[in-house]
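What you see is a predicted model; the values in this text were computed from it and never measured. Lettering of chains follows the sequences in order, A, B, ..., and the numbering in each one begins at 1.
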Amino acid sequence: MPELPEVETVKRTLELKILNWEIKKVHVYYENIMPDGNKVNLEGEKITALERVGKFLIFKLTNYVIVSHMRMEGRFFLKEDIEPKSKHEHVKITFTNHLSLRYVDTRKFGRLLIKTHDNYLDTPPLSEVAKEPKDIDPKEFHELLKRRQRAIKPTLLDQGIIAGLGNIYVDETLFIAKVLPTRESNLVTLDETKKILKAAADVLAKATKLGGTTIYTYESSEGVTGRFQNELLVHTKEGEPCPICGTPIEKIKVGGRGTYVCFKCQK
DNA sequence: ACCACCTCCTGATCGC
DNA sequence: TGCGATCAGGAGGTGG
């Protein structure tokens, strides 16, 4: 499940290869993933840059922009164009060099949206993406939290409030900040808000440095696997001793999401 | 403005 | 053993 570090890893991996490649043909095998893929002609477009906004990966082309989100299981692979389509491959972008970029997504939740340079930042989904933890002012964020009644975990998962965190890194962030995921957002103190933002920024930076987290079925792309799963403190650690106090980590549900927590360390 | 709930999907796992 | 039911989950849409 790509969160910010995984998307950044995919971006860095791909941009070493596909910059300046020229598109020859786009095949869309499942329309919902790339609704405009068969309507807009991308032939002759070159990849001019890759960007990332929150968990979105952006391919900048000569005239167009592809805004992609891999959701849980989306992956990109580069292959010889003659290689046959794999089982869950839904989009194939063929280049004039006879290589092709394949979008593979078991659950078909991901999206590749075609935008223009003029509108891609000012229209959904990117227009709705908030700042990343490292760029958020703690006092401003605390004021925002005061207006929210719901649990802090679903608040931190809301990309319109804070960008980049998913289920894995939220659990890690709240454990490091010593705040229970069920705590009402408006009851989080300014001091705790500062700790949450710092923990989130640190966790994302460290995970990015290690190439993200390889977990369940997810690989970033190109067979690149991250190493942050070895650094996880609580996520997936049900029944194991808390690394701080030794109390067994519990798995609970918060806002419908599987959540790992130490009830002694987190208040 | 805020928020709970539903939807999209498939593979893994559960229950009978 | 086999098969239907249930679950997981990021974010957009809906409706209270």
Side-chain angles (χ1 to χ4, degrees), chain A residues 1-8 10 28-36 52-58 67-76 85-91 103-115 120 122-133 140-174 181-188 200 204 207 212-220 229 232 235-238 251-261:
Chain A
M1 51 195 74
E3 303 178 35
L4 188 154
E6 289 74 31
V7 179
E8 181 65 26
V10 173
V28 179
Y29 307 112
Y30 188 80
E31 195 107 359
N32 287 353
I33 300 242
M34 194 177 193
D36 297 324
R52 181 187 57 73
V53 173
K55 304 183 204 171
F56 290 86
L57 176 63
I58 296 142
V67 175
S68 77
H69 197 302
M70 295 177 272
R71 288 298 210 279
M72 272 96 64
E73 300 192 25
R75 304 188 217 172
F76 288 100
K85 169 178 151 350
S86 64
K87 185 174 179 188
H88 297 292
E89 181 178 317
H90 306 303
V91 176
Y103 180 71
V104 177
D105 186 344
T106 308
R107 291 188 188 166
K108 299 180 176 169
F109 273 14
R111 293 291 178 267
L112 280 77
L113 306 174
I114 300 178
K115 300 273 184 178
Y120 81 104
D122 303 330
T123 56
L126 295 189
S127 60
E128 307 305 311
V129 178
K131 286 193 271 193
E132 296 178 12
E140 251 173 60
F141 196 62
H142 186 235
E143 291 303 314
L144 188 155
L145 291 182
K146 282 184 188 172
R147 301 196 297 269
R148 311 273 164 162
Q149 308 286 319
R150 69 174 160 175
I152 186 66
K153 174 163 177 173
T155 299
L156 296 177
L157 286 172
D158 188 332
Q159 302 301 300
I161 293 173
I162 180 169
L165 297 171
N167 207 32
I168 298 173
Y169 298 120
V170 163
D171 284 358
E172 298 296 297
T173 293
L174 288 170
T182 48
R183 178 97 69 81
E184 295 91 329
S185 302
N186 58 322
L187 299 183
V188 174
L204 292 177
T213 299
T214 304
I215 196 171
Y216 311 125
T217 58
Y218 180 73
E219 297 171 31
S220 57
Q229 64 275 14
L232 292 174
H235 195 83
T236 71
K237 304 293 184 186
E238 182 180 15
K251 184 178 184 182
I252 60 173
K253 281 259 187 193
V254 182
R257 299 288 182 260
T259 300
Y260 298 85
V261 61

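- The nearest whole Å value for the distance from the NZ atom in A:Lys108 to the P atom in B:dG11 is 9 Å.
- The A:Arg150 side chain lies nearest to B:dC3 when the options are C:dA11, B:dC3, B:dC9.
- Rounded to an integer number of Å, the gap from CD of A:Glu73 to P of B:dA12 is 10 Å.
- For the side chain to side chain contact (heavy atoms under 4.5 Å, CB included) with A:Tyr103, the qualifying choice from A:Arg75, A:Met70, A:Met34 is A:Met70, the only one to do so.
- Atom CG in A:Asp158 sits roughly 11 Å away from atom P in B:dA4 (whole-Å rounding).
- C:dG9 atom P lies 15 Å from atom CD of A:Gln159, rounded to whole Å.
- Contact check for A:His69 versus A:Leu57: no side-chain heavy atoms found under the 4.5 Å cut-off.
- If you run side chain to side chain contact (heavy atoms under 4.5 Å, CB included) between A:Val170 and each of A:Ile162, A:Leu157, A:Val254, A:Thr259, only A:Leu157 comes through.
- One can place OH of A:Tyr169 at 12 Å from P of C:dG10, the figure rounded to the nearest angstrom.
- Nearer to the 5' terminus of DNA chain B, by closest-nucleotide assignment, is the contact made by A:Gln149 (compared with the other of A:Gln149 and A:Arg257).
- Side-chain contact check for A:Leu145 versus A:Asn186: every heavy-atom pair is 4.5 Å or farther apart.
- Between the CE atom of A:Met34 and the C1' atom of B:dC8 there is a distance of 19 Å, rounded to whole Å.
- Residue order along DNA chain C, read from the 5' end via each residue's closest nucleotide, puts A:Lys251 first among A:Lys251 and A:Glu128.
- Put simply, NE2 on A:His69 is 6 Å from C1' on C:dG10, counting in whole angstrom units.
- Separating the CD atom of A:Glu31 from the P atom of B:dC8 is a distance of 17 Å, rounded to the nearest angstrom.
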